[in-house]
Amino acid sequence: MSKCQCGLLEKQAADPRIPIAYNAESDSYSLELSKDFTVPDIYCLHCGGHDLRNRHHDYPLCRCGKLDQWAKNPALPVRFYFKQNTYHLFLKEHNRVMAIYFCPACGGGTGLLKKIDQMPRPEEKDMKDIMQRLRGLTTIEQVIQILGEPDKRHGPMTSPQQEKQIYGIKDTKQSLIYKFPAKSLMLYVCQYEDDTLGFSFSGIIEKKLSFLKKIKYYRYRIKKYLQRFNIILWQYAPDTPAEKLLCHHKISRKIIYAASFCMISSMSLLASAFIFDSEIEGMIAALLGIIGVLLFIPALFCWVWASEIEKTLKQRQHPLPARLSLEKSIPFWALQMMLWFAGLVILASILHKD
Ligand SMILES: [Zn+2]
Ligand SMILES: [Zn+2]
């Protein structure tokens with residue numbers, strides 16, 4: 001199977017700013033991620049060797065986990081952007097970011113293409129209507145005469161001569177962006193260096209994060225922050241036996257449960273200590289509270305650790321049963337904690353009845 005069908009791999013190998021090289025001996029391409037780490041025989045980052053004209057084809061997703069592994073290594077230029085849930089190649093010295101659509105190691109999709117396919121697309125009829133109004137126009141002034149002032153103007157945008165030659169692109173003198181909210185589409189008008197015009201459309205993209213996505217985003221930030229303090233703990237070798245992972249997952253689960261039970265019990269006992277003015281309950285509450293607080297930091301680390309294990313197991317096609325998975329059992333866990341809290345309060349009120 002060809003590792004690139006779109007032809008971009010060949011062009012990128014000719015581009016000195018991109019660390020992709022062609023090796024004539026093996027007739028393959030390689031990606032240099034650092035001075036001493038090169039990925040041999042890569043798939044095209046843009047097409048993964050698939051025929052992209054067939055947009056409804058279901059591409060297999062990347063299961064090798066290499067991108068994830070590289071993104072965790074700060075020495076390598078692969079980054080994971082949580083907000084977009086995508087991987088990028090960060091070419092710092094050239095001030096350039098390249099989106100990764102397909103995993104260079106296994107050719108599996110990163111989900112970015114599917115995401116783009118799911119983006120709102122303008123209606124064929126609406127695009128035709130607008131193009132009808134612009135028919136025969138050859139200058140940017142004529143476009144403004146018909147459509148009025150644009151919502152945004154960009155440009156000029158120039159590219160180095162070498163890049164223009166490699167990719168066959170033109171400089172733009174300016175580009176105009178028109179929003180048509182009623183039709184939920186945007187029109188881009190480009191004035192190229194040779195004064196020809198180019199028109200393209202896109203759907204209007206809603207950039208707001210949903211409430212759930214926001215929570216997930218902050219959770220991700222906390223995890224990412226905690227990972228800084230631990231670079232060894234969750235770097236499992238590919239041949240680490242699954243039993244070991246499951247055992248570590250069990251330990252972290254226990255610590256998380258212990259911390260939350262201590263804290264919930266402490267809160268519940270504190271409540272009844274105040275209500276019934278009971279010293280003994282106040283003392284137990286304080287003791288459990290201290291244990292809970294002491295366990296809180298390890299529990300936080302365990303939470304990151306456990307979710308890393310869950311991710312690793314999933315990549316190995318060996319997912320954890322739902323009842324053990326921390327991610328999936330959050331509602332169940334919250335319910336348990338609430339019941340425990342309520343149970344203790346009820347118990348206290350029965351004991352203090354007289
Ligand atoms: Zn390609
Ligand atoms: Zn992969």
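Counting starts at 1 for both ligands and their atoms, in listed order. Just so it is clear, the model here is predicted, and its values are computed rather than measured.
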Engineer: What I'd like to find out is whether the side chain of L89 reaches to under 4.5 Å of the side chain of L31, using heavy atoms alone.
Structural biologist: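 When only atoms from C-beta onward are counted, L31 and L89 do touch, with a gap below 4.5 Å.
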Engineer: For the Zn ion (ligand 1), does an N/O/S atom of C6 lie at less than 2.8 Å?
Structural biologist: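 Here the distance criterion (N, O or S atom, under 2.8 Å) is met by C6, so yes.
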Engineer: Determine whether F80 and K72 make a side-chain contact, defined as any pair of heavy atoms from C-beta on separated by less than 4.5 Å.
Structural biologist: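 A side-chain contact under 4.5 Å is absent here.
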Engineer: Test of geometry: compute the angle SG(C106)-the Zn ion (ligand 2)-SG(C64) and round it to 10°.
Structural biologist: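 About 110°, to the nearest ten degrees.
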Engineer: Does S268 use its side chain to pair, donor to acceptor, with the backbone of L344 at less than 3.5 Å?
Structural biologist: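 Here the side-chain-to-backbone pair does not exist.
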Engineer: Can you find a heavy atom in the side chain of L91 that is under 4.5 Å from one in the side chain of I18?
Structural biologist: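 Counting from C-beta outward, L91 and I18 do come under 4.5 Å.
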Engineer: Rounding to 10°, state the angle centred on the Zn ion (ligand 1) that links SG in C44 with SG in C4.
Structural biologist: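 Nearest ten degrees: 110°.
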